[in-house]
Amino acid sequence: MPRRNRRTRTFLGRLPLPEHTFVADALRTETVGGMVLLAAAAVALVWANTPLSGAYESIRDFHFGIEALGLNLSVAHWTADGLLSIFFFVAGAELKRELVIGELRHRGTALLPVVAAASGMLVPALVYGLVATSRGGTWNGWAVPMATDIAFALGVLAVISTHLPSALRAFLLTVAVVDDLGAIVVIAIFYTSTIHLPALIGAVLGLGLFFHLHDRRRVHGWYWYLPLALAIWGLTHASGVHATVAGVAMGLMLRVAKDGEQGRRPAERIAHLARPVSAGVAVPLFALFAAGVSVSGDTLGDVVERPEPLGVALGLAAGKVLGIAGGSYLAVRFTRARLSEDLAWADVVAVAMLAGIGFTVSLLIGELAYLDPAELEHIKAGVLLGSLTSAVVACLLLRLRNNKYRRLYEAETADQNADGIPDIYQLGDAHERRRGTRPKAREPDHPPSSNGQGHQPRSSGPRLRKGGHYRGGRRPTT
């Protein structure tokens, strides 16, 4: 039986134009949100380590809400369960798009980032377990170092003014999105102690109604979905399942198919509208009331001496880079793939190091895993130390390659004719046509030509023969 001729895939190669446009739009908002997140975390740390720390704790622990519905929660609780549901909703919408029309829709292209992300969750958990148990600790915080904070990572990139190529940014985004999904699965399975069945059934029925209205009936209007989403969130919270699960479930239900020939995809449009709220409001407010840790010599000493905080810090700073870079190398080694000629494995290691910034979701899982405030303070300090170490090392590695990144970035964003399409995509298509090959397949519903009209059919009118004479003996009239 003849072997099939399978084409070698390029790992971290140039993205298709629609994917390049989507990633650029998503990361532009996340970068601004990352800057706000950095500022919020800095404010929280300063506030918690000044004489005004009492005011910080009073605001963080202030309760409000409807007691009869079980929603009399503290400010910190509202930001963790409520506002972070918006963050996970956007993550669910982005994952749905990637699975349907993005880079994850094909098994070949999905394998590498998914293996990298899975290794980036498994290895940090193992590093935590080995460090904590070898020093007499427990496995309680094994899931804390699993997550990657894409907004924080992009904020760091903006601060050091590094021009990462779109392929590396897309790889980092995909790893973070898969990490977020893994984190929500871990939260739903391992951090749900009791289940209130009537409320859970109500939440499931609400999700079924959401899917019916949005996907089957294609009902438009936010006034239908906002009250329904609030009801689903409230029932999920009352059921005992972490309320952020409702956010990712609704995000995964968004429709990716276009509304008509010229319509936008609802998943893209809704994620585009919700992303600024998530990145610019929800995540920074959570950080403001979660990152307020008392920092002192004793605190840092406790991180190094206590097994669980040390396991968290090493899981983020060492486990992430080993997992993502190692998983990527093994996936390339044992599949028909090759690393892009423009990049080196040092670039993959640098991005993997950047993924060790596990700030937002790591703090959330830490709050679920450690209910004792004293233990939680040490775990938060471990998250901060591990994330800070990852950020500093990643900055050093990325700055060493910044001149290379700048040349790649300028080449892939140059648009001399100002038509909104980078020149590299038009030059690439023209080169392939001269070679007699077809341009690479693009996302459905996206025309390949630069004028937005697609390839025009060859004219059936008179054609010029050799010698300058037109077929038919007459020059066509104009």
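Computed over heavy atoms, backbone and side chain alike; hydrogens, waters and symmetry mates excluded.
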Main chain of [Y], side chain of [X]: is a donor-acceptor contact present, judged purely on distance under 3.5 Å?
X: K258; Y: R265; result: no
X: E308; Y: T138; result: yes
X: N49; Y: V295; result: yes
X: R135; Y: E305; result: yes
X: S278; Y: A274; result: no
X: S134; Y: V131; result: yes
X: Y225; Y: L213; result: yes
X: W47; Y: L52; result: yes
X: Y56; Y: G292; result: yes

Under the side-chain contact (heavy atoms from CB on, under 4.5 Å) test, which residues partner [X], sequence neighbours left out?
X: A318; result: none
X: L205; result: I201
X: W224; result: V219

How close do [X] and [Y] get, heavy atom to heavy atom, and via which atoms?
X: A80; Y: L364; result: CB-CD1, 4.0 Å
X: V304; Y: L310; result: O-CD2, 3.6 Å
X: G366; Y: I379; result: CA-CG2, 4.3 Å
X: I357; Y: A153; result: CD1-CA, 4.0 Å
X: G70; Y: L73; result: O-CD2, 4.1 Å
X: F64; Y: V75; result: CE2-CG2, 3.9 Å

Enumerate the side chain to side chain donor-acceptor pair (under 3.5 Å) contacts for [range], please, sequence neighbours excluded, ordered by first and then second residue.
range: residues 65-80; result: E67-N72, H77-D81
range: residues 195-217; result: none
range: residues 179-190; result: T148-D179, D179-K320

Does a side-chain heavy-atom distance below 4.5 Å link [X] with [Y]?
X: D149; Y: V361; result: no
X: L71; Y: H237; result: yes
X: I232; Y: F210; result: yes
X: T360; Y: L37; result: yes
X: P266; Y: L254; result: no

Could you measure the distance from the [atom1] atom of [X] to the [atom2] atom of [Y]? Nearest 0.5 Å is fine.
X: E98; Y: L173; atom1: CD; atom2: CG; result: 7.0 Å
X: I59; Y: F289; atom1: CD1; atom2: CZ; result: 6.0 Å
X: L363; Y: L384; atom1: CG; atom2: CG; result: 6.0 Å
X: T174; Y: L112; atom1: OG1; atom2: CG; result: 11.0 Å
X: S390; Y: L354; atom1: OG; atom2: CG; result: 8.5 Å
X: I184; Y: T244; atom1: CD1; atom2: OG1; result: 3.0 Å

#### Entry: Residues in salt bridge (charged side-chain N to carboxylate O under 4.0 Å, His left out) contact with R255, at least two apart in sequence or another chain
D259

### Task
Output all residues satisfying salt bridge (charged side-chain N to carboxylate O under 4.0 Å, His left out) with E367, sequence neighbours left out; order by chain, then residue number.
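If we apply the salt bridge (charged side-chain N to carboxylate O under 4.0 Å, His left out) test to E367, skipping adjacent residues, the hits are K380.
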
### Query
Are the charged groups of R275 and E94 less than 4.0 angstrom apart, N to O?
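E94 and R275: salt-bridged.
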
### Query
Yes or no on side-chain contact (heavy atoms from CB on, under 4.5 Å) for V348 and M353, after CA distance, side-chain angles and deciding distance?
CA-CA 9 Å; V348 180; M353 197 77 222; over 6 Å; no

### Task
Quick one: do I365 and Y191 satisfy side-chain contact (heavy atoms from CB on, under 4.5 Å)? Show the steps, please.
CA-CA 9 Å; I365 296 176; Y191 295 102; 3.9 Å; yes

### Task
Tell me, please, which residues at least two apart from W233 pass side-chain hydrogen bond (donor to acceptor under 3.5 Å, both in side chains).
S85

### Task
Walk me through it: do L376 and L371 pass the test side-chain contact (heavy atoms from CB on, under 4.5 Å)?
CA-CA 7 Å; L376 179 58; L371 302 180; over 6 Å; no

### Message
Considering only residues two or more places apart or on different chains, which pairs with a residue in residues 127-155 satisfy ring pair (Phe, Tyr, Trp, His ring centres under 6.0 Å)?
### Response
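Every ring pair (Phe, Tyr, Trp, His ring centres under 6.0 Å) pair that includes a residue of residues 127-155, provided the two are not neighbours, is W142-F190, F152-F359.
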
Donor-acceptor contacts, no H, no angles, side chain residues 114-125, under 3.5 Å, sequence neighbours left out:
unit_1: S119; atom_1: OG; unit_2: V115; atom_2: O; d: 2.9

### Query
Is the number of heavy atoms from other residues, nucleotides or ligands under 6.0 Å of I189 CD1 greater than 12?
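More than 12 within 6.0 Å, yes.
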
### Task
Dump the intermediate steps for side-chain contact (heavy atoms from CB on, under 4.5 Å) on V312 and S362, then the final yes or no.
CA-CA 9 Å; V312 168; S362 292; over 6 Å; no

#### Entry: Qualifying salt bridge (charged side-chain N to carboxylate O under 4.0 Å, His left out) pairs with a residue from residues 221-235, counting only residues at least two apart or across chains
none

